Amino acid sequence: MATVDIGTIVSLCKRRGFIFPASEIYGGLGSTWDYGPLGVELKNNVKRAWWKAVVYDRNDIEGMDGAILMNRLVWKYSGHEATFSDPLVDCRECKGRFRADKLDELDCPRYKRKVTACHAHLTEPRAFNLMFKTQVGPVEEEAALAYLRPETAQSIFVNFKNIVDSRWRKVPFGIAQIGKAFRNEIVPGNFTFRTREFEQMEIEFFCKPGTDADWHAHWIEERYNWYIRYGLRRENLRRYVQKPEELAHYARACTDLQYRFFPERADEEKQWDELEGIANRTDYDLSVHSKGKQEKWGLHNEHSTQSLMYRDPVTNEKFFPYVIEPSAGADRATLAFLLDAYSEKPGADGEPRVVLKLHPALAPIKVAVLPLARNKSELVEKAQAIKADLQQHGIRAVYDDTVAIGKLYARQDEIGTPFCVTVDYDTLGIGKAKPDGAPEATASAPVALKDTVTVRDRDTWEQVRIPITGLREFFAERLGPAL
RNA sequence: GCGGGAGUAACUCAGUGGUAGAGUCACGGCCUUCCAAGCCGUUGGUCGCGAGUUCGAAUCUCGUCUCCCGCUCCA
């Protein structure tokens, strides 16, 4: 179980340059956060790890990057214009909030009667529009109305035919996209868990009707395993099967991957919240964006210029593919990896020290190269040369000599750097016995240890001595393949 | 949007009407052969913001913003 609450992570993130409150010097802006120097590296690594797993390591997914501004008609036919702007009423008595068009069906949570029975206490309906409106072009007029996309999925659906045609893809195959989406959430909060501007990592996987249940199961396992592979603990990650009444009207099934974001909450059930939703969206999306009558979904698309129906080039069979949608939040994933990486370990003085046990692939910095003391120019120069060499060979490395060696280690632990390389007097071939005599150096040792350095492991704090020439291979083995 | 709580240094906080503080962190110098060493020095705060009361407000009053907790909402 995670041992840290989000508040602790918020402090660490600000202090160490991962995530800051946005627009802070002007008092901030609700629910917006800026990723700082280490945060952008971490989040980029999360996104790259995802992209590698779903695009590069498979043979059945194409990537794309769609525009945030889209033709308003996309949202008309996707259903968002209708369902994303609900008129809501508040009850002054029970403090409940209800959809104005469903009052007849809803029960008052306090008095166990129909909400309409509370009529005297209800406020006038107010429109809650969850899509950000903007205008395209400088003249404000109705025709120029546009929305910031509330999900990335739609740019995949409207490009379905382009990608089939240009990449010779046959169903089953998928399209992956990482990008920003915007929702005017009624209640944002919990740090980067729920924000109005956020980044999604979505796959729309197209398959033949009848094979959809199997593909759905496949993706639930794929995605679950991805989080485990990059460091989430099994006790903090679970599959939640949505109940029929929770499903969107077009969805046949949806399983959420939930993470224990709130371990401090007393009610165990409330500790969990959604990290990724994996839905079976049936053939709704490609149907509704297709020209003409869509009987199954009870609408007529008068604006689309194309049919997104798929023709199997082998069998000539025509159908609307079913869509399996693994939809993950990049910000939520980043937060989950931070929470699960957080640990404390007593230092030599007994005081707890923070160690961020991030998966090496996700760590913002892979290697810190440190001189044992900074008042010896030979140590400094050698350390800087090693840093430069590692960096030139694709290993994200930094050099630091601003404080004493113990504090340098502690700092790197706190930001999750997996390895520290230390250049000491033995590296220069001028080592001598330690005062406490522990590993007694012999007369020949200084020469034998020349051009070797120590490599310290973040998690065990153990050090091994290896030749400088072997560093690249050493790290290549332990840091894993580049993302 | 409702109810409750909270905003003081980069972080954690003290400060109940009278000169804005502590610890940690950060930075510089000296020193240092390995896990937040030591000594010396330094930076850093419109006390969330705006009004009001007062000779005087971090402190009292009102408004407002933000965050947290609980509701509510979440295609």
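A quick note: this is a predicted structure, and the numbers were derived from the prediction, not measured. First the proteins, then the strands, lettered A, B, ... as listed; each starts at 1. All heavy atoms count here, side chains included; hydrogens, waters and symmetry mates do not.
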Asks: Are any of A/K14's side-chain N or O atoms less than 4.0 Å away from OP1 or OP2 of B/rA10?
Replies: no

Asks: Can you confirm if the NZ or CZ of A/R149 lies within 45° of the ring axis of A/F182 and under 6.0 Å from the centre of its six-membered ring?
Replies: no

Asks: Under 4.0 Å between any heavy atoms, over every strand shown, what does A/F191 touch: base, sugar-phosphate, or nothing? Just pick one.
Replies: sugar-phosphate

Asks: Counting any heavy atom closer than 4.0 Å, what does A/R374 reach on the DNA or RNA strands: base, sugar-phosphate only, or nothing?
Replies: base

Asks: Nearest nucleotide by nearest heavy atom, which residue falls closer to the 5' end of RNA chain B, A/L247 or A/V403?
Replies: A/V403

Asks: Does A/N375 make a side-chain N or O approach to OP1 or OP2 of B/rC30 shorter than 4.0 Å?
Replies: no

Asks: Check this for me, if you would: do A/R353 and A/E344 make a salt bridge, where the nitrogen-to-carboxylate-oxygen distance has to be below 4.0 angstrom?
Replies: no

Asks: To the nearest angstrom, how far is A/Y409 atom OH from B/rC34 atom C1'?
Replies: 5 Å

Asks: Please tell me if A/R353 has a side-chain N or O lying less than 4.0 Å from either OP1 or OP2 of B/rA36.
Replies: yes

Asks: Contact class for A/R16 vs. all strands (heavy atom < 4.0 Å): base, sugar-phosphate, or nothing?
Replies: base

Asks: So what does A/S78 touch, heavy atoms closer than 4.0 Å: a base, only the sugar-phosphate, or nothing?
Replies: nothing

Asks: Which part of the nucleic acid, if any, lies within contact of A/I405, taking any heavy atom under 4.0 Å across all strands shown: a base, the sugar-phosphate backbone alone, or nothing?
Replies: sugar-phosphate

Asks: For A/T422, report the nucleic acid contact type (base, sugar-phosphate, nothing); a contact means any heavy atom under 4.0 Å.
Replies: base

Asks: Whether A/R239 engages the ring of A/Y224 as a cation-pi pair (distance to the six-membered ring centre under 6.0 angstrom, angle to the ring normal within 45°) should be assessed.
Replies: yes

Asks: Does A/K407 place a side-chain N or O at less than 4.0 Å from the phosphate oxygens OP1/OP2 of B/rA26?
Replies: yes

Asks: Could you tell me how far apart A/Y425 (OH) and B/rU32 (P) are, to the nearest whole angstrom?
Replies: 7 Å

Asks: Identify whether any heavy atom of A/A373 sits under 4.0 Å from a base atom; if not, whether one sits that close to sugar-phosphate; answer base, sugar-phosphate or nothing.
Replies: base

Asks: Rounded to whole Å, how long is the line connecting atom CH2 of A/W461 with atom P of B/rA36?
Replies: 8 Å

Asks: I want to check one thing: is the phosphate of B/rC69, taken as OP1 and OP2, less than 4.0 Å away from some side-chain N or O of A/N190?
Replies: yes

